[in-house]
Amino acid sequence: MSNELDKLVLIDGNSIISRAFYAIPPLTSSNGLHTNAVLGFTTMLLKVLEEEKPSHVLVAFDAGKVTFRHEGYSEYKGGRQKTPPELSEQFPLLKELLQAFSISQFELAGYEADDIIGTMARLAEEQGKTAIVVSGDKDMLQLTTDQVSVLITRKGVSEVERYTPSAIGEKYGLTPAQIIDLKGLMGDASDNIPGVPGVGEKTALKLLHEFGTVENVLANIEEIKGKLRENIESHMDDARMSKQLATIFREVPLDYSLDDVTWKGYDSAVLAGALRKLEFKNLVERLNLSGANDATEAESAEAASQYEVVRVDTVGWERLNGALATAEAVLVESSGDNPHHGEGIGLSIVSGSECFTIPYAYLASPEAASLRSWLENAEASKTCYDAHRVELILASSGIALSGQTFDVQLAAYLLDPTEADPSLQGLLQRHGLPPILSDEAVYGKGAKYRLPGDGELAKHLAAKADAIRRLKPLLSEKLEKLGMNELFYELEQPLSGVLAKMEMQGITVQTEALQDLGTEFQRRIDEITKAVYESAGFEFNIGSPRQLGEVLFERLGLPVVKKTKTGYSTDAEVLEKLEPHHEIVRLILHYRQLAKLQSTYIEGLLKEIRPETGKIHTFYKQTIAATGRLSSQFPNLQNIPIRMEEGRQIRKAFVPSEPGWVILAADYSQIELRVLAHISGDDGLKEAFLKDMDIHTKTAMDVFGVPADQVDGNMRRQAKAVNFGIVYGISDWGLSQNLNITRGEAADFIEQYYRTFPGVKRYMVTVVEEAKKNGYVTTMMQRRRLLPEINHSNFNLRSFAERTAMNTPIQGTAADIIKLAMLRMNEALLERGLRSRMLLQVHDELVFEVPQEELEAMKALVPDVMSTALKLDVPLLAEVSVGSNWYEAK
DNA sequence: TCTGTCACG
DNA sequence: ACGTACGTGACAGAC
């Protein structure tokens, strides 16, 4: 029950931990984790708890990188130094420690800690409670009232300065509400809030004492003189925006009430355990916790996962071989992004209380024979991290990985495909497990990448193998609970091996054909460059969007159609609008096209051809796309030109690897719209596909209300755009942009479409409703995508999530289907003993190389497997074509 | 390292 | 009133 004695302490977690990090000298625990910031935070916390004796305590954290503040001002907090890894690795430690304190912690995507604190302080006040805000950031002073005081840390973290409205009055001569005006005028370099140049604290205070608010300063600008006036006049918008950015948002939609942050003190045993783990011995003493028993459940789990690091190199092989039978997880560490060029660093294998680490070079030694056969043994089941990459690395050492029954990276991807950080460190944190050192902390990043000493390396590899072991039960249980076992065990995991096989096979690309094409492109580029210079009357770098913008819009005076945040936009859409104004525009469009082909496709692909084999080996990433699609890298073979004839020529260089063979390509016809017909159950759409009608023409007939023979090219084009729009999660605005029509006309199209296909409309409404209720959407194979922003109060974030809710089940199910087809195709080739090889996947297309004598069989087999991969209420159609290269196979 | 642009489905 | 179509990767230029 609340009464006026209730007192809240609200702590700005991010602010205090980073102050502590810079204030306290470096400190590491014996396992190498940095702990100085956690120690500083704890010192501050204990002091506040002691002095304030609060009834409620909350620590708020910033969540994610992008907040609503970035929407109005994308540079918000820009230019800020990256959080050093020594600090970021302390966040999980702090969060764990706060749990031991039984202190609540909140964070909410899209908001900063300030906003959560501001909201809680408001709630406290409304309920007649008092609140103490603790932060290192003076912005917080705006929250001060008779009931809310603010403690700002000074030099260090344990010394604080207490601010009340009267204290602020004495110190600055301002009211708390004017703090944001102060910021608006002076800015804040650390958050990249501009303010007005030349206005620091002194000038800002003088202005506010005279005029009171930013708005009043601007309204009375004529009373200000000289340079100051000029500065303010030219930065009025900056001042207004800066004030807005500095304003704490006090209406955060929190799912919590004040009661949820009640604090009744900590459990001595739990806290003692947590502090001992961090090796804060002095604090244990100071709090008289020495006697407290710390054998909590968490602690024993921790103890159970302890292991001895056994370094295997010239010695230790017998011990390793003895442990292989009970091995639980294996880690293969390698360097570089491209696993086809990766170098093995080392292996670690965890088995019971032992973790063996082996330098990669020893894998080839005679002593490693048992290890090699264990890696290749399908019966020896292995938990790994990124088995696909491991398979490629080992393959380059002549080892064929087998028995990979659980991949924690793949499992984590399926549980949350939008999570950008797939590192083991990130997985541990997200699944609430004790952390290990980050790769970045051990190896460094970019140019600073280097391997640490053998001892440190062994420790790290062991910690990673142990982390894999600890993650597995958690992840497998979650998959099971969400009904994703089939997707994981029957689809994604087996697919990883199929992908590795395709990549290792590679596709032959004719160097000479590319070079000849490149010579021709270059000739045209030179010609056009000359014509552009002539047309402009001077020379400049056409490839520089900035210089091009200057030339077009300043020197040639063409109308500005669109701006980017850094200047004029010069993209193709803009240039097409400018075409009638100046002959140079057409030349630039053609230049752009050729330059793209030359740099990305001629030069880029040439660099990727292996001279020994004449092949290109792409790498399919299975854990990138939020919808479940694959992505292709080093090089990307999923975006080879086809739409324009000039670029399409590139495909002529993609040929079979053996004489007398052919390229066979098969693509799904309208797979996404067929999936939509199935999921929505719309009768009209289903019927169209059952009758195998041209879907865009059919749509045109219905939307425009005309018979088939009156559908002209333009109508069909517009109908096609409507169909695309439907799949993307349509909005009238988006469609109007695409078709260059008014928003009203686009809205009419959509309405007419929905009238024709009411089942589709029902689906769109339902899927969004379901997403709002559940927080996620799923595909037919139970692939899921979380949509945390589907109920967000911000229109943009919410709308984006709604379109995603409509699109993901469609695009994702199409991805499910082709992945199933790939598995089935792989099996079919093996079963029938065919020599034909599956080489590429391009979202709705599979590319094979086929010996002549198998051609007839493959022409029947491939479309059959593809169209029966998953049973839908409408037929799935796959169309095959054959040629002597990828261009011909169209 | 980030931004703008453009290649694909 | 809000202001993007969904999903990717690679390159050049500018910092």
Side-chain angles (χ1 to χ4, degrees), chain A residues 71-72 74-75 78-79 82 337 417-418 445-447 541-549 562-575 588-589 592-605 607-608 618-621 624-644 646-648 650-651 667-668 670-672 721-722 724-739 743 746 750 785 793-812 814-815 818 840-845:
Chain A
E71 284 154 31
S74 57
E75 280 106 289
K82 272 256 174 76
D337 285 332
T418 41
K445 222 170 79 161
N541 186 346
I542 313 172
S544 159
R546 217 182 92 180
Q547 289 187 38
L548 179 63
K562 192 167 71 172
K563 289 200 134 202
T564 67
K565 52 185 158 185
T566 54
Y568 309 109
S569 171
T570 64
D571 64 22
E573 192 192 322
V574 168
L575 294 182
I588 288 165
L589 276 166
R592 278 258 178 89
Q593 201 189 334
L594 289 165
K596 176 86 177 181
L597 294 175
Q598 188 71 311
S599 67
T600 304
Y601 297 103
I602 301 294
E603 289 161 13
L605 287 178
K607 273 186 254 175
E608 299 288 347
T618 187
F619 175 54
Y620 289 106
K621 291 217 78 169
I624 291 286
T627 53
R629 277 188 175 184
L630 299 175
S631 92
S632 158
Q633 303 177 323
F634 322 126
N636 182 355
L637 293 186
Q638 291 182 319
N639 69 348
I640 304 300
I642 190 167
R643 294 175 191 167
M644 300 296 238
E646 231 166 359
R648 194 173 191 155
I650 308 265
R651 293 184 173 230
D667 66 302
Y668 281 110
Q670 305 296 352
I671 187 169
E672 292 188 336
V722 173
F724 269 95
I726 292 290
V727 170
Y728 292 158
I730 201 155
S731 73
D732 49 9
W733 208 86
L735 181 64
S736 74
Q737 287 300 294
N738 190 279
L739 283 178
R743 209 171 134 170
I750 295 168
R785 177 167 181 184
S793 58
N794 179 291
F795 175 87
N796 283 329
L797 295 178
R798 188 177 64 247
S799 302
F800 187 49
E802 288 170 359
R803 292 193 299 275
T804 310
M806 299 185 235
N807 171 263
T808 296
I810 303 172
Q811 194 183 118
I818 193 162
L840 303 177
Q841 189 252 44
V842 194
H843 308 308
D844 66 353
E845 175 186 12

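The sequence lines fix the lettering, A, B, ..., with proteins before strands; numbering per chain opens at 1. These figures come from a predicted structure and were not determined experimentally.
Ala746(A) approaches Asp732(A) most closely through the heavy-atom pair CB-O, 3.3 Å.
For dG4(B), the OP1/OP2 oxygens have no side-chain nitrogen or oxygen of Arg592(A) closer than 4.0 Å. The phosphate of dG13(C) (OP1 or OP2) has a side-chain N or O of Asn541(A) nearer than 4.0 angstrom. For Ser731(A) and dT4(C), the shortest distance from a side-chain N or O to OP1 or OP2 is not below 4.0 Å. In this structure, Ser544(A) reaches the dA14(C) phosphate: one of its side-chain N or O atoms is under 4.0 Å from OP1 or OP2. Close to dG4(B), at under 4.0 Å from its OP1 or OP2, lies a side-chain N or O of Thr564(A). OP1 or OP2 of dG4(B) has at least one side-chain nitrogen or oxygen of Thr566(A) nearer than 4.0 Å.
At a cut-off of 3.5 angstrom, counting only N and O atoms as typed in the model, there is a donor on one side and an acceptor on the other between the side-chain of Arg629(A) and the base of dG9(B). Judged by atom type and distance alone, Ser799(A) does not reach the base of dT4(C) through any side-chain donor-acceptor pair under 3.5 Å. The base of dG3(C) is paired with the side chain of Arg743(A) by a donor and an acceptor separated by under 3.5 Å. With hydrogens and angles left out, the side chain of Gln811(A) and the base of dC6(C) share a donor-acceptor pair within 3.5 Å. Taking 3.5 Å as the limit, the base of dG9(B) and the side chain of Arg643(A) contain a donor-acceptor pair of atoms between them.
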| Can you list the steps and then say if Leu630(A) with Ile624(A) is a side-chain contact (heavy atoms from CB on, under 4.5 Å)? | CA-CA 7 Å; Leu630(A) 299 175; Ile624(A) 291 286; over 6 Å; no

| query | Does the side chain to side chain donor-acceptor pair (under 3.5 Å) test come out yes or no for Ser632(A) and Thr618(A), once each step is laid out? | reply | CA-CA 6 Å; Ser632(A) 158; Thr618(A) 187; 2.8 Å; yes

| task | Begin from the C-alpha positions of Arg546(A) and Thr566(A) and carry the test side chain to side chain donor-acceptor pair (under 3.5 Å) through to its verdict. | result | CA-CA 9 Å; Arg546(A) 217 182 92 180; Thr566(A) 54; over 6 Å; no

| task | Kindly indicate, with the supporting measurements, whether the criterion side-chain contact (heavy atoms from CB on, under 4.5 Å) is fulfilled by Glu573(A) and Lys562(A). | result | CA-CA 9 Å; Glu573(A) 192 192 322; Lys562(A) 192 167 71 172; 3.7 Å; yes

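For the pair Asp844(A) CG and dG9(B) C1', the computed distance is 6 Å after rounding to whole Å. The distance from atom CD1 of Ile588(A) to atom P of dG4(B) is 19 Å, rounded to the nearest whole Å. Separating the CG atom of Asn738(A) from the C1' atom of dG3(C) is a distance of 16 Å, rounded to the nearest angstrom. In this structure, CG of Leu637(A) is placed 11 Å from C1' of dC8(B), rounded to the nearest angstrom. The interatomic distance linking Gln593(A) (CD) with dT5(B) (C1') rounds to 13 Å, in whole Å. Distance, Asp732(A) CG to dT4(C) C1': 11 Å, rounded to whole Å. Nucleotide dG3(C) holds its C1' atom 15 Å from the NZ atom of Lys565(A), rounded to whole Å. Look at OH on Tyr620(A): it is 16 Å from P on dT8(C), rounded to the nearest Å.
The line from OG1 of Thr804(A) to CD of Gln811(A) is 10.0 Å long, rounded to the nearest 0.5 Å. A distance of 6.5 Å separates CG of Leu548(A) from CG of Leu575(A), quoted to the nearest 0.5 Å.
The separation of dA7(B) from dC2(C), taken at their P atoms, amounts to 32 Å, rounded to a whole angstrom. To the nearest whole angstrom, the two P atoms, one in dA5(C) and one in dC6(B), are 14 Å apart.
At a threshold of 4.0 angstrom between heavy atoms, the contacts of Ala572(A) are confined to the sugar-phosphate backbone, with no base atom among them. At the heavy-atom level, Gly543(A) lies under 4.0 Å from the strands shown only through sugar-phosphate atoms. Within the 4.0 angstrom heavy-atom criterion, no nucleotide atom of any strand lies near Ile810(A). At a threshold of 4.0 angstrom between heavy atoms, the contacts of Leu630(A) with the nucleic acid are absent. Residue Val842(A) is in sugar-phosphate contact alone, with no base atom involved, counting any heavy-atom pair closer than 4.0 Å across all strands shown. Looking at heavy-atom distances under 4.0 Å, Leu597(A) makes no contact with the nucleic acid at all. In this structure, Ala721(A) reaches the bases: a heavy-atom distance under 4.0 Å links it to at least one base atom across the strands shown. Residue contacts for Ser632(A): at a heavy-atom cut-off of 4.0 Å it reaches the sugar-phosphate backbone alone, with no base atom in range. Among the protein residues, Ala626(A) comes within range of the sugar-phosphate backbone only, with heavy atoms under 4.0 Å from sugar or phosphate atoms but none that close to a base. Residue Asn807(A) is classed as a sugar-phosphate contact, given heavy-atom separations below 4.0 Å to backbone atoms only.
Ion pair Lys596(A)/Glu603(A) not flagged as a salt bridge, since none of the NZ, NE, NH1 or NH2 atoms sits closer than 4.0 Å to an Asp/Glu carboxylate oxygen.
Of the listed nucleotides (dT5(B), dG7(C), dG9(C)), dG7(C) has the atom at the smallest distance from the side chain of Thr627(A). The side chain of Ser569(A) lies closest to dT5(B), out of dC8(B), dT5(B), dA5(C). With distances taken from any side-chain atom of Pro545(A) to the nucleotides dA5(C), dG4(B), dG3(C), the minimum falls on dG4(B). Comparing dG9(B), dA10(C), dA5(C) by their nearest atom to the side chain of Phe724(A) picks out dA5(C). Comparing dA10(C), dA5(C), dC11(C) by their nearest atom to the side chain of Ser599(A) picks out dC11(C).
Mapped onto DNA chain C by nearest heavy atom, Gln638(A) and Gln547(A) fall at different nucleotides, with Gln638(A) at the one closer to the 5' end. Residue-to-nucleotide proximity on DNA chain C shows that, of Pro417(A) and Arg546(A), the 5′-proximal contact is made by Pro417(A).
Applying the 5.5 angstrom centroid cut-off and the 30 degree plane-angle cut-off, the aromatic ring of Phe795(A) is not stacked upon the base of dC2(C).
Partner assigned to dG4(B) is dC11(C), using Watson-Crick or G-U wobble distances below 3.5 angstrom.
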